[in-house]
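Working notes for the structure below.
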Amino acid sequence: MLTHPTLDQMQALGLAGMAAAYRQLAEQDNAADLSRDEWLGLMLDREAAMRADRRLTNRLAAAKLRFVDACIEDVDFASRRGLDRRNTRSWRRVPG
């Protein structure tokens with residue numbers, strides 16, 4: 001199978017993640033040990049991850065956040081702002 005036309009077609013279809021995964025898998029020594037289903041699964045996983053990362057990056061850019069690196073763990077509860085530590089951190093609890 002010719003790899004360059006396949007990679008070109010993936011790029012043309014907007015599947016940059018799959019193309020990158022294909023290139024990376026093809027360069028590995030143990031690539032022959034993987035089945036076609038495993039290759040396809042790995043390529044699809046890479047494509048889905050890249051799209052999710054791009055979506056998050058675009059949403060964060062569109063949000064125009066004032067403090068881009070802010071996180072709930074960095075909240076200073078010692079300051080007098082009327083914040084309750086239990087209420088602020090309770091959103092992280094996952095119902096079991």
Side-chain angles (χ1 to χ4, degrees):
M1 180 172 147
L2 298 173
T3 57
H4 290 293
T6 301
L7 291 171
D8 292 342
Q9 197 168 27
M10 285 180 186
Q11 292 289 346
L13 291 171
L15 301 171
M18 285 184 75
Y22 184 88
R23 276 191 219 97
Q24 187 180 30
L25 285 169
E27 292 172 358
Q28 292 181 358
D29 294 334
N30 61 352
D33 298 339
L34 298 174
S35 70
R36 284 181 277 170
D37 292 337
E38 291 170 325
W39 271 67
L40 182 59
L42 290 170
M43 291 189 311
L44 287 172
D45 286 345
R46 174 73 65 88
E47 181 65 33
M50 285 185 68
R51 287 182 183 210
D53 288 347
R54 194 174 7 199
R55 233 183 347 262
L56 178 61
T57 301
N58 289 341
R59 288 178 178 168
L60 287 172
K64 298 179 183 171
L65 299 174
R66 184 172 169 196
F67 301 106
V68 178
D69 295 328
C71 65
I72 196 73
E73 289 83 10
D74 293 339
V75 173
D76 180 16
F77 292 99
S79 301
R80 295 190 178 264
R81 289 187 228 147
L83 295 176
D84 181 16
R85 182 183 304 264
R86 289 175 297 171
N87 288 340
T88 305
R89 297 221 172 154
S90 66
W91 67 272
R92 297 186 72 195
R93 291 188 199 139
V94 178

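The first residue of the sequence shown is numbered 1, and numbering continues consecutively from there.
Ala16 and Glu47 get closest at one heavy-atom pair: N-OE1, 3.5 Å. Annotation for Leu65 and Val68: closest pair O-CG2, 3.9 Å, computed over non-hydrogen atoms. The minimum heavy-atom distance linking Gly14 with Arg51 is given by the pair O-NH2, 3.5 Å. In plain terms, the two heavy atoms of Met50 and Gly17 that are nearest each other are SD-CA, 3.1 Å.
Atom CZ of Arg46 and atom CG of Leu42 lie 9.0 Å apart (nearest 0.5 Å). For the atom pair OG1 (Thr6) and CG (Leu15), the distance works out to 12.0 Å, reported to the nearest 0.5 Å. Of the inter-residue distances, the one linking Leu34 atom CG with Gln28 atom CD reads 7.5 Å to the nearest 0.5 angstrom. Taken to the nearest 0.5 Å, the CG atom of Leu60 stands 12.5 Å off from the CZ atom of Arg55. Here CD of Glu38 is found 11.5 Å from CG of Asp45. Values are rounded to the nearest 0.5 Å.
Under the 4.5 Å side-chain criterion, counting only non-hydrogen atoms from C-beta, Asp33 is in contact with Asn30. Within the 4.5 Å cutoff, side-chain heavy atoms of Gln9 are placed close to those of Leu13.
A salt bridge does not link Glu27 with Arg23: none of the charged nitrogens is closer than 4.0 Å to a carboxylate oxygen.
Between the side chain of Trp39 and the main chain of Ala31, a donor-acceptor pair closer than 3.5 Å is present.
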